[in-house]
Protein chains: 2
Amino acid sequence: MRLIVARCEVDYSGRLITHSPMAVRLLMIKTDGTFMVFSDGGGGPNVKPQNWMTAPTTIAVEGDPPSRIEVHKRGGEERLEIAIDEVLFDETHDMGEAAALEKDGVERDLQELLAAAPHRCGEGFRLVRREWPTDIGPVDLMCREPGEGWVAVEIKRVATIEAVEQLSRYLERIRLDPAMSECRGVLAAQQIKPQASVLAAARGIACVEVDLAVLRGEREPDLTLFG
Amino acid sequence: MRLIVARCEVDYSGRLITHSPMAVRLLMIKTDGTFMVFSDGGGGPNVKPQNWMTAPTTIAVEGDPPSRIEVHKRGGEERLEIAIDEVLFDETHDMGEAAALEKDGVERDLQELLAAAPHRCGEGFRLVRREWPTDIGPVDLMCREPGEGWVAVEIKRVATIEAVEQLSRYLERIRLDPAMSECRGVLAAQQIKPQASVLAAARGIACVEVDLAVLRGEREPDLTLFG
DNA sequence: ATATACATCTCGAGA
DNA sequence: TCTCGAGGTGTATAT
């Protein structure tokens, strides 16, 4: 990874056009060809680079010290140009391979926990299968409720209006099967946005907020922090 | 901005839990309190940091050279811990204020151009207003066509199936008004995905691909690169 | 290569 | 502060 601190102008043209005037910035060139431009201070975005290009790229560094850097995609449909006025720092560090990042608590984990405890999605629910296939993609959980009715469950960490649309599309397809024409929909999430609740209600879709700690048995369902 | 290259372990707990084993990484501490952890090489994500915390944060750097860094949000609901085995580089650079980034060609620009030339969305269209309000959000353009019919126009840079869903929701609401029960829908975009075209056709929504250069008068509508 | 959905999405505007 | 929608979204997975 090469790190350059330089006073420079930046021009990007591709999916849109941007220009940034002369200022001191950090230029980061990763070994895989990813290129990023960072500014400091509160003016710009916090965590996002001001400009960037994802690998694979072709990077041409002109001059030593660098006076100009051109980055472009193979097809040439995107171009990032750095005009350098002064290089304040330029060093390359070998960091070896990227070490694996283990994650716990993403939507996948929520789905596993709810598959093991489908009754958290609704009274008496029994799991038929996870990732129930439809012709436009898999439904997270397919369950049966008391009385043998079918229920499709869509799981989200945070459920927005888009989650309701997604489940609606699935239900539309599922109900084409006469045996499942009465299939209900349930939206299960750690957090459900107000507009999602409203749209879900209008579509006859039930909403269930679930708690990760409860699902893991770390906390009783009826206890609260204020109990 | 402080840049540290160090062999370290990283643990995050907050919206989820992550752990990364000992490896050499770049730690970036921005003046505003934003903290980022980058790996090099193709293993991890290209442009995203492996871990991060957006400002405002409290950052505690223990030891000199640093042996441990703790970053947390004010409420304490998120925590990022860096256990450092060896510091390979540690330097702070003053980069002044972040210089403004000017963007051109985003959806906003497209909307302005189409508002000034509504006939690009359809023969004889006249603009009634931009950001026409509905109870679930504003429609980009509301127009009238020859014969006084109403047309709601949704504008996207790239129109996907979601854009069709969004316009459908708006039309559903707009048509509740008896005076607008016949309101048509038009989806205008620089690029329309094939599946979006198909769904739009099924919903009776017209699609128009628009060209930024043509809208700006930089190129004639009937000329092409292959003409 | 394209489509589909997730993301600690981030970020900015508006209420 | 919260909510909502756009993003050069990026990223992974399945087709």
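Just so we're clear, the structure is a prediction, and the values are computed from it rather than from any experiment. Lettering follows sequence order; numbering is per chain, from 1.
The distance from atom CD1 of A:I136 to atom P of D:dT15 is 14 Å, rounded to the nearest whole Å. Taking atom CE of residue B:M36 and atom P of nucleotide D:dG10, one finds them 16 Å apart after rounding to whole Å. Per the geometry, CG belonging to A:D135 stands 18 Å off P belonging to D:dA14, to the nearest Å. To the nearest angstrom, C1' of C:dA1 lies 17 Å from CZ of A:R74. Regarding A:E131, its CD atom lies at a distance of 11 Å from the P atom of D:dT15, rounded to whole Å. We find that CG of B:L110 is positioned 13 Å from C1' of D:dA6, with the value rounded to whole Å. Following rounding to the nearest Å, B:D140 (CG) and D:dC4 (C1') show an atom-to-atom distance of 14 Å. A:L199 has its CG atom 14 Å from the C1' atom of D:dC4, to the nearest Å.
Residues of residues 101-109 of chain B that place a heavy atom closer than 4.0 Å to DNA chain D, in numerical order, are B:K103, B:V106, B:E107.
Between the A:K30 side chain and the B:N46 main chain, a donor and an acceptor come within less than 3.5 Å of each other. Side-chain N or O atoms of A:R184 include none that pairs as donor or acceptor with a backbone N or O of A:I205 at under 3.5 Å. Between the A:Q50 side chain and the B:A100 main chain, no donor and acceptor come within less than 3.5 Å of each other.
Closest contact between the side chain of A:K156 and the listed nucleotides C:dT10, D:dG5, C:dA5 involves C:dA5. In this structure, the nucleotide among D:dT3, C:dA5, C:dT8 sitting nearest to the side chain of A:K193 is D:dT3. With distances taken from any side-chain atom of A:R15 to the nucleotides D:dG5, D:dG10, C:dT10, the minimum falls on D:dG10.
Comparing A:G137 and B:T54 along DNA chain C, the residue whose closest nucleotide (by nearest heavy atom) sits nearer the 5' end is A:G137. Each of A:K48 and B:I161 lies near DNA chain C, and the nucleotide nearest B:I161 is the one positioned closer to the 5' end.
Annotation for B:D94: atom CG does not count as buried by contact number, only 12 or fewer foreign heavy atoms lying within 6.0 Å.
When both pairing distances are held under 3.5 Å, C:dT8 makes no Watson-Crick or G-U pair with any nucleotide shown.
Here A:Y170 does not reach the OP1 or OP2 of C:dT4: none of its side-chain N or O atoms lies under 4.0 Å away. Between B:Q195 and C:dT2 there is no side-chain N or O to OP1 or OP2 distance below 4.0 Å.
Below the 3.5 angstrom threshold, one finds a donor paired with an acceptor across the side chain of A:E78 and the base of D:dG8.
A:N51 comes within contact range of at least one nucleobase, with a heavy-atom separation under 4.0 Å. Within 4.0 Å (heavy atoms only), A:E162 reaches no atom of the nucleic acid at all.
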